[in-house]
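Here is the structure we will look at, set down as structure tokens.
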Amino acid sequence: MSWTDERVETLKTMWSEGKSASQIAKALGGVTRNAVIGKVHRLGLSNRTAAPKPAAGKPAPEETASPPPAAATKPAPVPQATPAKPEPVKAEPPAPAPAPVEARTPQPQTPLPPARPMSEVPEEARRNLEEVEKNALRLSLLQLTERTCKWPFGDPATDDFFFCGLPVAPGKPYCEACVAVAFQPMSARRDRARAR
């Protein structure tokens, strides 16, 4: 699309009448709103002042004169809307500071043997357990697997706490020696109860 003299005159007239760029583009046909805005700026019409109409037969001002300086093409300031008064925001009380986390040895997640005094454990099993403690792999909780003995040694609150770690007995969470301490036959328990 080319800007003919007639189209430029129509644009100038409609612009001075206060028509929008979209309305002018629609009236001209074959031109976009952005093209109209660009032409308005090149013609120096952006301030919406009425431009004098050239006499018939004279060339359009854009063909004879250079465009006005950039300061003259500055658009009129847009009136600022008064901002609405914001509603007061209720301040929420600050969240309580989290309690400091103490570094502790993780508690075992596997079943522990029944808590009973070692004096109730048969002498042979106790000796076996002492031997196991000497040969234990001394694993931490994170090193345990389904194939490692989970018998705990020591106090979980201390640094020297560990798990046996030897290979487990089939179907049990402990090695053979630890199973002898943890799972005793019913008859042995009954005999000890009667002896009391």
Side-chain angles (χ1 to χ4, degrees), residues 1-112 137-150 152 155-159 161-163 165 167-168 171 173:
M1 196 260 356
S2 62
W3 286 100
T4 62
D5 291 346
E6 297 85 33
R7 290 172 74 89
V8 171
E9 282 304 313
T10 304
L11 178 135
K12 287 180 180 180
T13 304
M14 292 181 76
W15 186 259
S16 64
E17 291 172 358
K19 304 286 187 207
S20 70
S22 296
Q23 291 171 326
I24 297 169
K26 190 174 183 179
L28 292 173
V31 66
T32 64
R33 171 185 169 273
N34 287 344
V36 170
I37 292 171
K39 189 67 171 175
V40 165
H41 283 287
R42 287 191 297 278
L43 292 172
L45 303 176
S46 61
N47 56 6
R48 292 258 187 197
T49 56
K53 293 186 179 183
K58 286 190 178 179
E62 80 168 11
E63 297 167 8
T64 56
S66 62
T73 62
K74 190 174 178 182
V78 178
Q80 296 289 328
T82 307
K85 206 172 198 180
E87 293 184 24
V89 178
K90 292 180 182 177
E92 293 185 21
V101 178
E102 295 178 16
R104 284 185 278 170
T105 305
Q107 296 296 317
Q109 299 298 316
T110 56
L112 293 177
L137 297 178
R138 299 177 175 265
L139 300 181
S140 71
L141 176 66
L142 298 176
Q143 295 171 316
L144 293 177
T145 68
E146 65 276 355
R147 294 187 204 116
T148 57
C149 178
K150 294 154 189 73
D155 182 357
T158 61
D159 291 339
F161 177 76
F162 62 92
F163 293 93
V168 295

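Counting from 1, the numbers follow the sequence of the chain as shown.
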**Message:** Testing the basics here: between R7 and G29, what is the closest heavy-atom pair and its distance to 0.1 Å?
**Reply:** NH2-O, 2.9 Å

**Message:** Can you list everything that forms a side-chain contact (heavy atoms from CB on, under 4.5 Å) with L137? Sequence neighbours excluded, please.
**Reply:** L139, L166

**Prompt:** Do the non-hydrogen side-chain atoms of E9 and T4 ever get within less than 4.5 Å of each other?
**Reply:** no

**Item:** Separation of W3 CH2 from T10 OG1 (nearest 0.5 Å)
**Value:** 9.5 Å

**Request:** Among L43, L45, I37, find the residue that satisfies the side-chain contact (heavy atoms from CB on, under 4.5 Å) test when tested with H41.
**Result:** I37

**Message:** Just so I know, are the side chains of F162 and Q143 near enough to count as touching, which here means a heavy-atom distance under 4.5 Å?
**Reply:** no

**Prompt:** Could you state the interatomic distance from CZ (F161) to CG (L141), rounded to the nearest 0.5 Å?
**Reply:** 8.0 Å

**Asked** Roughly how far, to the nearest 0.5 Å, is CD of E17 from CD1 of I24?
**Response** 9.0 Å

**Asked** Looking only at heavy atoms, which two atoms of C149 and L144 are closest? And how far apart?
**Response** O-CD2, 3.8 Å

**Nearest non-hydrogen partners of K19 and Q23, listed with the distance** = CA-OE1, 3.4 Å

